[in-house]
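Structure, as structure tokens:
Proteins get letters first, then strands, A, B, ... in listed order; numbering begins at 1 in each.
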2 protein chains.
Amino acid sequence: MSLPSAHHHPAPTASHLPQQLAQAGLRATRQRVLILESLLVLPGHPTAEQVHQHVRAQVESISLGTIYKTLDSFVAAGLTRRVASAEGSARRYDADCTEHHHLFCTDTQEIIDYCDPQLDALIRDFFAARGLPDFQPHSFSLHVKGNRLTGAATAASEDSAT
Amino acid sequence: MSLPSAHHHPAPTASHLPQQLAQAGLRATRQRVLILESLLVLPGHPTAEQVHQHVRAQVESISLGTIYKTLDSFVAAGLTRRVASAEGSARRYDADCTEHHHLFCTDTQEIIDYCDPQLDALIRDFFAARGLPDFQPHSFSLHVKGNRLTGAATAASEDSAT
DNA sequence: ATCTTTGCGGAGAATAATTCTTAGCTGTGT
DNA sequence: ACACAGCTAAGAATTATTCTCCGCAAAGAT
């Protein structure tokens, strides 16, 4: 993805994934490291199923149930987020827990991270000024629907599923 | 809900629901009117299951499959929306198709509609000005997490978001 | 090093959510 | 009345998610 302000994961330096897990109070097993890595590596925001496919490439035997359980524990530990999506029926996960926004491509179902401090400030200021009387906002996430204009509008939609 | 800018459905005037359906090119059957009405009446943003329960009160025999199919056709006709939610696994529907935003109460899991043309303009202008190079946005929905201050829990935390 | 405790992973069954298929009914136009 | 179209009902089929149970392997204590 080449959106200028798109959020950059701090480089998939697989080296510190175990640390991240440890910090979160989770054992850094091979499986977990691979699952966490999948979230960083897979395009968009993968489903449990997609993570499963990906991890299977390395650990033949891993089961889908384990993926679900592990992703749940990541979410509980604050290591991962669930992304809200109105489309599709499967849950999507996001390794990035910093505050950021999402672009939803209506063509490809892709979910693209979008990080923009200016936008954050704009929204924060707006609510600070307006002040909701009955509600204390505490985090904001903007969902932008639209379509991607990849110069090569190619349906490069390769889904290595299955 | 008493948020001043909270969106108000144009009063559940059941009388014009058939019209709405007709306008959308759908036959105004008893079942459909009831389903549409349920979306307006049920608190929060109901699941297909909840709509089913509610409609059953009047039409004993209606099946869950019909609810799903009907809601799908409503969505296709632009009469209803699917609400994106990171929590839970069931789809949530919203009878209100005007552009609006959502406040998610982290205490009660409640989803409150929030409609604010100024905010809409602010966001639209922001993106018009910034211009995403690879993406053509076409609708925006802000998800605000926080908690409701129902007079009771107020004094506690007074920290402005970040 | 061995024992123990505990969390983790694997398998598959169980449950929940959603879609599909088929058939029958109802209203409309002729 | 007849044929057509769209709708509903019912239930099977699929897909998504959770749960349970068991053996294993790592971390701590002796």
Those residues that, when tested against B:R81, pass salt bridge (charged side-chain N to carboxylate O under 4.0 Å, His left out) (two or more places apart): none
Checking B:H45 now: which residues fulfil side chain to side chain donor-acceptor pair (under 3.5 Å) with it, not counting sequence neighbours? B:D94, B:D113
State, to the nearest 10°, the angle formed by the axis through the first five base pairs of the helix from C:dA1-D:dT30 to C:dT30-D:dA1 and the axis through its last five. 20°
When you check every protein heavy atom under 4.0 Å of nucleotides 14-30 of chain C, what one-letter string (B, S, -) results, 5' to 3'? ---SBB-----------
Starting from C1' on C:dA11, measure out to CD on A:E60 and report it in whole angstrom. 15 Å
Set of side-chain contact (heavy atoms from CB on, under 4.5 Å) partners for B:S89, sequence neighbours left out: A:R91
side-chain contact (heavy atoms from CB on, under 4.5 Å) involving A:Q58 - partner list, sequence neighbours excluded: A:R30, A:L34
Taking side-chain contact (heavy atoms from CB on, under 4.5 Å) as the definition, give me every residue that meets it alongside B:Q136, ordered by chain and number, with sequence neighbours left out. A:N147, A:L149
Between which nucleotides of DNA chain D, read 5' to 3', does contact with chain A run, using atoms under 4.0 Å from its heavy atoms? D:dA16 to D:dA26
Rounded to whole Å, CD1 of A:I67 lies from P of C:dG10 at a distance of 8 Å
Under the salt bridge (Lys or Arg N to Asp or Glu O under 4.0 Å) definition, can you give me all pairs with a residue in residues 61-74 of chain B, not counting sequence neighbours? B:D72-B:R82
Please table the atom pairs, donor to acceptor, closer than 3.5 Å between any side-chain atom in residues 60-68 of chain B and protein atoms at least two apart or in another chain.
from  : atom 1 : to    : atom 2 : distance (Å)
B:S63 : OG     : B:G65 : N      : 3.4
B:S63 : OG     : B:T66 : N      : 3.2
B:S63 : OG     : B:T66 : OG1    : 3.2

Under 6.0 Å between ring centres, would you say that holds for B:Y114 and A:F135? no
A:F104: partners by ring pair (Phe, Tyr, Trp, His ring centres under 6.0 Å), with sequence neighbours left out: A:H143
Would you mind telling me which residue lines up with the more 5' stretch of DNA chain D, B:L26 or B:S61, judged by nearest nucleotide? B:L26
If you look at every strand shown and take non-hydrogen atoms under 4.0 Å, does A:T66 touch a base, only sugar-phosphate, or nothing? base
Under the rule for side-chain contact (heavy atoms from CB on, under 4.5 Å), what residues qualify as partners of A:L122, not counting sequence neighbours? A:L119, B:L122, B:F126
